[in-house]
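Contents: one structure, followed by commentary.
Computed over heavy atoms, backbone and side chain alike; hydrogens, waters and symmetry mates excluded. Ligands are counted one by one from 1 in listed order, and the atoms in each one are counted from 1 as well.
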Amino acid sequence: MVSTPAANYDIKDLGLAEIGQKRIAWAGREMPVLAQIRERFAREQPLRGKRLSACLHVTAETGNLALTLQAGGADVVLCASNPLSTQDDVAAALVTAGIPVYAIKGEDERTYYRHIGAALDHQPHLTMDDGCDLVATIHKERRALIPTVIGGTEETTTGVIRLRAMAAEGALEFPVLAVNEADTKHLFDNRYGTGQSTLDGIIRATNVLLAGKTVVVCGYGWCGRGVASRARGLGAHVVVTEVDSIRALEAVMDGYQVMPLLQAAAAGDIFITVTGDVNVIDEAHLKVMKDGAILCNSGHFNDEINIPALERLAVGRSRIRDFVEEFRIADGRSLYLLGDGRLINLAAAEGHPASVMDMSFANQALGAEYMVNQAGTLAKQVYVIPREIDREIARLKLLSMGVQIDTLTAEQAAYLNSWKTGT
Ligand SMILES: NC(=O)c1ccc[n+]([C@@H]2O[C@H](COP(=O)([O-])OP(=O)(O)OC[C@H]3O[C@@H](n4cnc5c(N)ncnc54)[C@H](O)[C@@H]3O)[C@@H](O)[C@H]2O)c1
């Protein structure tokens, strides 16, 4: 780590740095692909002289990414991509490593946006987003920064959806790489990472036994598949709700019960939204839920559960324990909302395990390098990470796990490329 601390920052407590350093190192043990990239970056300096503003969940895994980008020569500034996901010890450790961080766990919305502003004051050549906040703020409020930006990278499904909407309207002013679209990202991070860590968040917040409970998973995308399979693994009876017929069919054939949410609402003990959509759990659902039902979200924004409706229905509310709030409804029922409806895996637990973030952040680091190498050649569009990068990350991950695979023989390669052979 660089030993000169950053001059400007806004974090909870610099005194937490030593704990943060240990946690970053612990996560780093499970991030061998990123470690290899870091070694190469340190030698080759592909990001030398580039100012990079990152808006990511400030976790131990992100700490490893930030240090990798710094090793590659980037001048990195980091702010949080969610008010509740910051690990204050990691923020402190990065500041001591010379990276300005603007992030405090539990910061209010004004502070959150002030921190995004501070990250943009860095006048980035590269943006790195998890949810499109930097890119959206540049386009809405800080347009003078646009000429400086070479391009950006985007971590999550919701961010990519927002970017595609911007590009379709012709509003996007620089190219952005959709890291989420890489197979080595969403197949593992969204599915196994969100699957495990969402249940980890629910369990840490509540200590409920999942065996025998009815868990309703709203959305059967990459995250929903992971959450449903892990909940089933813990003995829950899992019900899936969907709006997409293909995804719903997949859930049925994977062995889950599928039904409209209004029907599931009356049966569920625990509700988990992972859709990227708004007001998925709405007033009508809240009205029929059982006394004691637990509600949480693992999608990007805290608008998947209609919290204003929950507040309107409630005659009283109280914080029962960390990340658990009781809403007492006029008819005598109590509903429990976890983590203010924010991503429960990051609010109440530690986010995704390092082993999957290894691949997600390898994509981010190589994506930033790709953007620099392609500077000036890309259109103002959303790009998918090149297939060679994706495959190389998978190859390195397998290597680090000691797993070997077969290679095509010359005969097989010719066969698979031919239309003339066959029956
Ligand atoms: N918690 C985390 O750490 C984490 C990690 C990765 C992604 N995310 C976020 O999770 C969300 C889901 O991501 P994904 O990759 O699974 O997306 P996805 O597009 O693969 O899946 C979303 C699914 O939700 C369904 N859906 C939409 N509206 C619905 C509704 N009203 N009711 C039921 N189903 C509905 C869609 O049909 C789709 O199948 C996004 O907001 C993403 O940014 C969170």
Option set Gly201, Cys223, Gly351, Gly193, criterion heavy-atom distance to atom 16 (O) of ligand 1, minimum: Cys223
Report the C-alpha distance between Val356 and Arg191 in whole Å, list the side-chain angles of each, state the deciding distance to 0.1 Å, and finish with yes or no for side chain to side chain contact (heavy atoms under 4.5 Å, CB included). CA-CA 10 Å; Val356 286; Arg191 182 164 44 174; over 6 Å; no
Give the numbers and elements of all ligand 1 atoms closer than 4.0 Å to a heavy atom of Thr241. 33 (C), 34 (N)
What is the nearest protein non-hydrogen atom to atom 1 (N) of ligand 1, stated with its residue, atom name and distance? Ser298 O, 2.8 Å
Other residues, nucleotides and ligands only: do more than 12 of their heavy atoms fall within 6.0 Å of CD on Glu283? yes
Looking only at N/O atoms, are Thr156 and ligand 1 under 3.5 Å apart anywhere? yes
For atom NZ of Lys290, decide whether the heavy atoms of other residues, nucleotides or ligands shown that lie under 6.0 angstrom number more than 12. yes
Are more than 12 heavy atoms from other residues, nucleotides or ligands located less than 6.0 Å from atom CG of Leu416? yes
Name the closest protein heavy atom to atom 19 (O) of ligand 1, giving the residue it belongs to and the distance to 0.1 Å. Thr157 CG2, 3.8 Å
Among all protein heavy atoms, pick the one closest to atom 10 (O) of ligand 1 and tell me residue, atom and distance. Gly299 CA, 3.5 Å
Assess whether atom CZ of Arg110 is packed by more than 12 heavy atoms of other residues, nucleotides or ligands within 6.0 Å. no
protein heavy-atom neighbour closest to atom 5 (C) of ligand 1 works out as Thr194 OG1, 3.3 Å
Centre of Tyr256's six-membered ring, under 6.0 Å away, within 45 degrees of the axis: is that where NZ or CZ of Arg232 sits? yes
Quick one: which ligand 1 atoms are inside 4.0 Å of a heavy atom on Asp244? 37 (O)
Cationic N near anionic O, under 4.0 Å, Glu350 to Arg23: yes
Quick one: does Ile116's side chain get under 4.5 Å of Leu134's, heavy atoms only? yes
Should we say atom NZ of Lys12 is surrounded by more than 12 heavy atoms from elsewhere, each under 6.0 Å from it? no
With backbone taken as N, CA, C and O and side chain as the heavy atoms from C-beta onward, which portion of His352 lies under 4.0 Å from ligand 1: side chain, backbone, both, or neither? side chain
re atom 21 (O) of ligand 1, the protein heavy-atom contact at minimum distance is Gly221 CA, 3.1 Å
Atom 27 (C) of ligand 1: of Val243, Asp130, Thr273, Asn82, the nearest heavy atom sits on Val243
So, does Arg247 sit close enough to ligand 1 that a heavy atom of it is under 4.0 Å from the ligand? yes
So, regarding Asn190 and ligand 1 (criterion: nitrogen or oxygen to nitrogen or oxygen, under 3.5 Å), is there a contact or not? yes
Should we count CZ of Arg391 as having more than 12 external heavy atoms under 6.0 Å? no
Is the distance between the ring centroids of His125 and Phe174 less than 6.0 Å? no
For ligand 1, which atoms sit closer than 4.0 Å to a heavy atom of Leu343? 1 (N), 2 (C), 44 (C)
So if I count the atoms of ligand 1 from 1 in the order they appear, which ones are less than 4.0 Å from some heavy atom of Gly276? 11 (C), 40 (C), 41 (O)
heavy-atom search around atom 24 (O) of ligand 1 in the protein gives Thr275 CA, 3.5 Å
When you measure from atom 2 (C) of ligand 1 to every protein heavy atom, which one gives the shortest distance, and what is it? Asn345 ND2, 3.4 Å
Checking the N or O distance criterion of under 3.5 Å, is ligand 1 in contact with His300? yes
Can you tell me which residue and heavy atom of the protein come closest to atom 41 (O) of ligand 1, and the distance to 0.1 Å? Thr158 OG1, 2.5 Å
